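Below you'll find the structure, written out as structure tokens, and then a few comments.
Keep in mind the model is a prediction, meaning the values are calculated, not measured. For the numbers below, each heavy atom of this structure counts, side chains included, while hydrogens, waters and symmetry mates do not.
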Amino acid sequence: MTSVALAFSGGLDTTVCVPLLKEEYGYDEVIGVNVDVGQPTEEFDEAEETAEALGLDIHVVDAKAEFADLCFDAVKANASYQGYPLGTALARPVIAEAILGVAEEQGCDAIAHGCTGKGNDQLRFEAVWRGSDLEVIAPVRELGLTREWEIDYAAEKDLPVEAGDGGVWSIDENIWSRAVEGGKLENPDYEPPEDIYEWTAEPEGETTIEVTFEAGVPVAVDGEAMDPVPLIQHLNEYAGGYGVGRTDVMEDRMLGLKVRENYEHPAATVLLTAHQALEDLVLTKNERSFKKGIEQEWSEKAYEGLVFAPVVDALNAFVDETQDVVTGTATVKVSGGDCRVVARDSEYAVYSEEMASFNTEDVAGIAQSDATGVAKYHGLQERLANDVKASVSKPELATDGAGETDASDADHE
């Protein structure tokens, strides 16, 4: 008997995939897999009900801890893509790994997803799965299915889905971010209504939040030690109450499509802001400058779903080396939807208040007058270049036709 593991959410796409995998692909058994990375409880309840109605065996894997660890790797790398903290992109490889684990445990012959051929998730899932010996199947993409066709097919088969649409908006939620797209949001000129937001309130009021880090990893909020998952959940609720963590962006997908996305990410905003501030205090100028390139590459690979790639291991090695000293606290003020640093402290600070003070005459035995020579040399090459350019006269361009070859002469050449 042949079997296939299906990434099953209970939505229209994955629901129609169940009979299609049997009818069109010839599999005897379909095993559904749902991975918990912090979605709302009702999503799992709905998936369970749909699976029961389909007679589908479903496995639910709790991967919140693994996902939170990856989110904190993203904090250490100050990861963002086109101006927003990565969320869905980080979750997909974790979900893919969990589904692959179930497929192998159950002895499946293949593994499938319900992604279309237009989005990023197909690539993120398959980047993980194609490293296995299992056949990878994408019915919606391979059969060229449209939303209208799926709705008609579901009605014909009496499948347990509601008109093929879970609501006005398409929403993807995990503990790190909440992404909203679709509907009228597809028009870049449309102003989103307040009701698309659930994690963030209308920006008002202000408070301060102190985050404690150990080796680059957040370990406490306002002096209270917390494990990763509850720490993230606490900041989502607390900072979100002040309107922090909203992004409206025109995002460039991997396949070249430009889409409008709206995100909520209160905890990510606070932690990334605080982490960057602490790094600014403890890292040298050269470390900070070089790390910018590392962060850009890390973020690009994460967006592509390639966090398990060898190059990311190498990038992480550099990041981890810098994080040994990223230990201390950073205090951010959240106000009117804004999040900014107001204080930072670390025993590893590359900073001396005495040296920086205008009331101190010398710096580590170096007199102020010693800087005169440096000041004389500073900008020397630029001044020399400007003098050279000013001293060289440029030839005047001919404007009267002089120098052109006479046509009569050209005839004899």
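Between the side chain of Asp370 and the backbone N or O of Ile366 there is no donor-acceptor pair closer than 3.5 Å. With Trp129 contributing its side chain and Ala96 its backbone, the two residues share a donor-acceptor pair below 3.5 Å. Judged by distance alone, with hydrogens and angles left aside, the side-chain atoms of Asp57 form no donor-acceptor pair with the main-chain N or O of Ile31 at under 3.5 Å. Distance alone, capped at 3.5 Å, is enough to place a donor-acceptor pair between the Asp36 side chain and the Gly38 backbone. Under the 3.5 Å distance criterion, the side-chain polar atoms of Ser80 are left unmatched by any main-chain donor or acceptor of Gly83. In this structure a side-chain-to-backbone donor-acceptor pair under 3.5 Å is present from Glu264 to Trp199. Looking at Asp45, its side chain never comes within 3.5 Å of a backbone N or O of Ala47 through a donor-acceptor pair.
When the salt bridge (Lys or Arg N to Asp or Glu O under 4.0 Å) test is applied to Lys333, the partners found at least two apart in sequence or on another chain are Glu206. Taking the salt bridge (Lys or Arg N to Asp or Glu O under 4.0 Å) definition, one finds that Arg92 meets it with Asp121, Asp172, sequence neighbours left out. By the salt bridge (Lys or Arg N to Asp or Glu O under 4.0 Å) test, Glu46 is found to be paired with no residue, residues two or more places apart in sequence or in another chain being considered. For His234, the ring-ring contact (aromatic ring centres under 6.0 Å, His included) criterion is met by Tyr238, not counting sequence neighbours. Residues forming a salt bridge (Lys or Arg N to Asp or Glu O under 4.0 Å) with Arg141 (at least two apart in sequence, or on another chain): Glu126.
Residues Arg246 and Pro203 approach most closely at NH1-CD, 4.4 Å, considering heavy atoms. Residues Asp13 and Gly114 share a closest heavy-atom pair of CB-O, 3.5 Å. The shortest heavy-atom contact between Asn236 and Pro266 is OD1-CD, 3.4 Å. The minimum heavy-atom distance between Ile232 and Ala267, with the atom names listed, is O-CB, 3.4 Å. Pairing each heavy atom of Ala330 with each of Ala274, the nearest pair is CB-O, 3.4 Å.
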**OP:** Could you go through the side chain to side chain donor-acceptor pair (under 3.5 Å) check for Glu300 and Gln296 one step at a time?
**Re:** CA-CA 6 Å; Glu300 290 286 343; Gln296 176 67 26; 3.1 Å; yes
Original post:
What's the verdict on side-chain contact (heavy atoms from CB on, under 4.5 Å) for Arg260 and Glu181, showing C-alpha distance, side-chain angles and the deciding distance?
Top reply: CA-CA 7 Å; Arg260 198 254 189 102; Glu181 64 178 357; over 6 Å; no
**OP:** Kindly indicate, with the supporting measurements, whether the criterion side chain to side chain donor-acceptor pair (under 3.5 Å) is fulfilled by Tyr84 and Glu261.
**Re:** CA-CA 10 Å; Tyr84 72 91; Glu261 294 276 5; over 6 Å; no
Show me the donor-acceptor pairs within less than 3.5 Å that the side chains of residues 374-383 make with the rest of the protein, sequence neighbours left out.
unit_1 : atom_1 : unit_2 : atom_2 : d
Arg383 : NH1    : His378 : O      : 2.9
Arg383 : NH2    : Lys376 : O      : 2.9

Could you tabulate the donor-acceptor pairs under 3.5 Å formed by side-chain atoms of residues 339-347, not counting sequence neighbours?
unit_1 : atom_1 : unit_2 : atom_2 : d
Ser346 : OG     : Thr327 : O      : 2.6
Ser346 : OG     : Tyr348 : N      : 3.0

Donor-acceptor pairs are to be reported for all side-chain atoms of residues 19-26 against protein atoms at under 3.5 Å, with residues two or more places apart or in another chain.
unit_1 : atom_1 : unit_2 : atom_2 : d
Glu23  : OE1    : Tyr153 : OH     : 2.9
Glu23  : OE2    : Lys157 : NZ     : 2.9
Tyr25  : OH     : Glu142 : OE1    : 2.6

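The aromatic rings of Tyr303 and Tyr81 sit parallel, their planes meeting at an angle under 30°, below the 60° perpendicular limit.
The side-chain heavy atoms of Val307 and Leu70, taken from C-beta on, include a pair separated by under 4.5 Å. For the pair Val16 and Trp149, the minimum side-chain heavy-atom distance is 4.5 Å or more. Annotation: side chain of Val30 is not in contact with side chain of Ser3 (no heavy-atom distance under 4.5 Å). For the pair Thr88 and Trp176, the minimum side-chain heavy-atom distance is 4.5 Å or more. In this structure, the side chains of Leu134 and Leu100 come closer than 4.5 Å at one or more pairs of heavy atoms. Between Met250 and Pro188 the shortest side-chain heavy-atom distance falls below 4.5 Å.
Within the cation-pi definition used here (under 6.0 Å to the ring centroid, within 45° of the axis), Arg178 does not qualify as a partner of Tyr263.
A salt bridge (Lys or Arg N to Asp or Glu O under 4.0 Å) check over residues 304-317, counting only residues at least two apart or in different chains, returns the pairs Lys301-Glu304. A ring-ring contact (aromatic ring centres under 6.0 Å, His included) check over residues 274-297, counting only residues at least two apart or in different chains, returns the pairs Phe213-His275, Phe290-Phe318. Counting only residues at least two apart or in different chains, salt bridge (Lys or Arg N to Asp or Glu O under 4.0 Å) contacts with residues 207-219 are absent. Sorted by first and then second residue, the pairs that involve residues 67-85 and meet salt bridge (Lys or Arg N to Asp or Glu O under 4.0 Å), not counting sequence neighbours, are Asp73-Lys76, Lys76-Asp320.
Residue Gln39 is tested with Ile175, Ile171, Asn174, Asn34 for a side-chain contact (heavy atoms from CB on, under 4.5 Å); the sole match is Asn34.
Atom CD of Glu202 has more than 12 heavy atoms from other residues, nucleotides or ligands within 6.0 Å.
Looking at Lys291 and Glu287, no side-chain N of the basic residue comes within less than 4.0 Å of a carboxylate O on the acidic one, giving no salt bridge.
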